[in-house]
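Take a look at the structure set out below.
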Amino acid sequence: MQRVDLGVVEYERAAADMREWVAERQEGRADDRLFLLSHPPVVTYSPRTDRADLPTGMQLVEVDRGGYATYHGPGQLVGYLVVNVRRRGPVDIVRWVENGLIEALAALGFATIRRDTPAGESSLVGVWTPDHRKLVSIGMRIRGGVTSHGFAINVDPDMSVYRDFTACALPGVTMCSLAELAAEQGVSTPSESAVRDAVATALGAA
């Protein structure tokens, strides 16, 4: 898989580019790719999202992925995966992403877990601390055998934004950041470049 490093990209620009990335993969004009980037402040949400869960006074963009409302902004690392799942064989792509990110975070010195979703409950897809704070949001789509969208890791964003809306349709869940976990452990917050490298290595993106 190819690693593609981008800087800060407006969400609408990235969404338009992602449609082209998917088409390139579907048509065999590109290999599997992991795009690493960040966005200016925006809350994206799927059509299933309850409007009461959305904030006011912030840019809102409806998207065609799984999941519910998710914040993107400075201090957060976003990864978009454009992967041909048919070439990978019978694999749970979301679990593969969860496990890969857990491996990446362990390499950075942070213990995290994945959680199974109880029947009938809101999805617990993502990466969590052992005491059930959510560090990573994951929302993906598969179309024509190719994935799009991906994950968002809170490295050191403004966490106060999470007080203004219900992230991932999980009221009462505390969102956290690597900066907060680092402070609790008495260590330095990893740089964004270190997080990018760890994630790319764990997901096999060169």
Side-chain angles (χ1 to χ4, degrees), residues 1-6 18 21 25 30-39 65-67 70-72 75-118 123-142 145-157 159 167-168 170 173-206:
M1 180 160 55
Q2 180 184 0
R3 167 180 172 173
V4 182
D5 283 284
L6 304 174
M18 186 158 38
W21 300 336
R25 188 68 188 96
D31 292 328
D32 291 346
R33 288 179 286 183
L34 168 65
F35 296 85
L36 297 171
L37 61 149
S38 61
H39 294 304
R65 57 160 171 77
T70 301
Y71 170 73
H72 297 306
Q76 185 185 74
L77 177 63
V78 173
Y80 291 134
L81 281 154
V82 181
V83 174
N84 187 318
V85 292
R86 294 169 181 162
R87 294 281 293 273
R88 289 181 170 266
V91 62
D92 183 334
I93 192 73
V94 172
R95 181 166 292 192
W96 172 74
V97 172
E98 288 176 324
N99 290 335
L101 296 177
I102 289 168
E103 179 183 333
L105 292 163
L108 293 167
F110 301 94
T112 54
I113 62 172
R114 61 172 303 278
R115 298 173 66 188
D116 292 320
T117 303
S123 173
L124 298 180
V125 165
V127 177
W128 303 73
T129 62
D131 63 357
H132 292 181
R133 288 174 288 169
K134 193 170 187 182
L135 179 64
V136 181
S137 299
I138 297 173
M140 301 182 72
R141 173 172 180 160
I142 300 175
V146 172
T147 64
S148 59
H149 300 282
F151 57 86
I153 304 173
N154 290 325
V155 180
D156 190 13
M159 297 301 290
C168 308
L170 294 169
V173 165
T174 299
M175 303 295 292
C176 72
S177 68
L178 285 178
E180 292 171 329
L181 298 182
E184 292 169 9
Q185 296 181 23
V187 299
S188 298
T189 303
S191 66
E192 181 181 312
S193 62
V195 179
R196 286 180 178 232
D197 288 346
V199 167
T201 297
L203 294 178

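- With respect to Arg95, the side-chain contact (heavy atoms from CB on, under 4.5 Å) criterion is satisfied by exactly one of Asp116, Ile138, Val125: Asp116.
- Contact annotation: the side chain of Phe35 never approaches that of Met18 to less than 4.5 Å [non-hydrogen atoms, C-beta and beyond].
- Atom CD of residue Gln76 and atom CD of residue Glu192 lie 10.0 Å apart, to the nearest 0.5 angstrom.
- Atoms OG1 and CG, on Thr129 and Leu135 in that order, are 8.0 Å from each other to the nearest 0.5 Å.
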Exercise for the section: I would like to know whether Phe151 and Leu203 meet side chain to side chain contact (heavy atoms under 4.5 Å, CB included); could you show each step before the answer? Expected result: CA-CA 12 Å; Phe151 57 86; Leu203 294 178; 4.0 Å; yes

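- The two residues Ala194 and Leu108 make their nearest non-hydrogen contact at O-CD2, 3.9 Å.
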Exercise for the section: Run the numbers on Val199 and Leu101 for side chain to side chain contact (heavy atoms under 4.5 Å, CB included), then give the verdict. Expected result: CA-CA 6 Å; Val199 167; Leu101 296 177; 3.9 Å; yes

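- Residues Leu34 and Ala205 share a closest heavy-atom pair of CD2-CB, 3.9 Å.
- With hydrogens and angles ignored, the 3.5 Å screen pairs no side-chain donor or acceptor of Ser137 with any backbone N or O of Ala152.
- The pair Asp131-Arg133 meets the salt-bridge criterion, since a charged nitrogen lies less than 4.0 angstrom from a carboxylate oxygen.
- Met175 CE to Glu180 CD: the interatomic distance, rounded to the nearest 0.5 Å, is 10.5 Å.
- Ring planes of Tyr80 and His149: perpendicular class, angle over 60° (limits at 30 and 60°).
- The CG atom of Asn99 sits 9.0 Å away from atom CG of Asp92, with the distance rounded to the nearest 0.5 Å.
- Counting heavy atoms from C-beta on, the side chains of Arg65 and Thr70 come closer than 4.5 Å.
- Checking each of Ile102, Val94, Val127 against Arg114 for a side-chain contact (heavy atoms from CB on, under 4.5 Å) leaves exactly one that passes, namely Ile102.
- Annotation: the span from Leu81 atom CG to Arg25 atom CZ amounts to 12.5 Å, rounded to 0.5 Å.
- Heavy-atom minimum distance, Val195 versus Ile153: CG1-CD1, 4.3 Å.
- Heavy atoms only, all atoms of each residue included: Met159 and Ser177 are closest at SD-CB, 3.9 Å.
- Nearest approach of Val155 to Pro190, heavy atoms of both residues: CG1-O, 3.9 Å.
- Side-chain contact between Leu124 and Pro118: present, with at least one pair of heavy atoms (C-beta onward) separated by less than 4.5 Å.
- The nearest pair of heavy atoms linking Arg3 to Arg196 is NH2-CB, 3.7 Å.
- His132 places none of its side-chain heavy atoms less than 4.5 Å from the side chain of Val173.
- Annotation: the span from Ser191 atom OG to Asp156 atom CG amounts to 11.5 Å, rounded to 0.5 Å.
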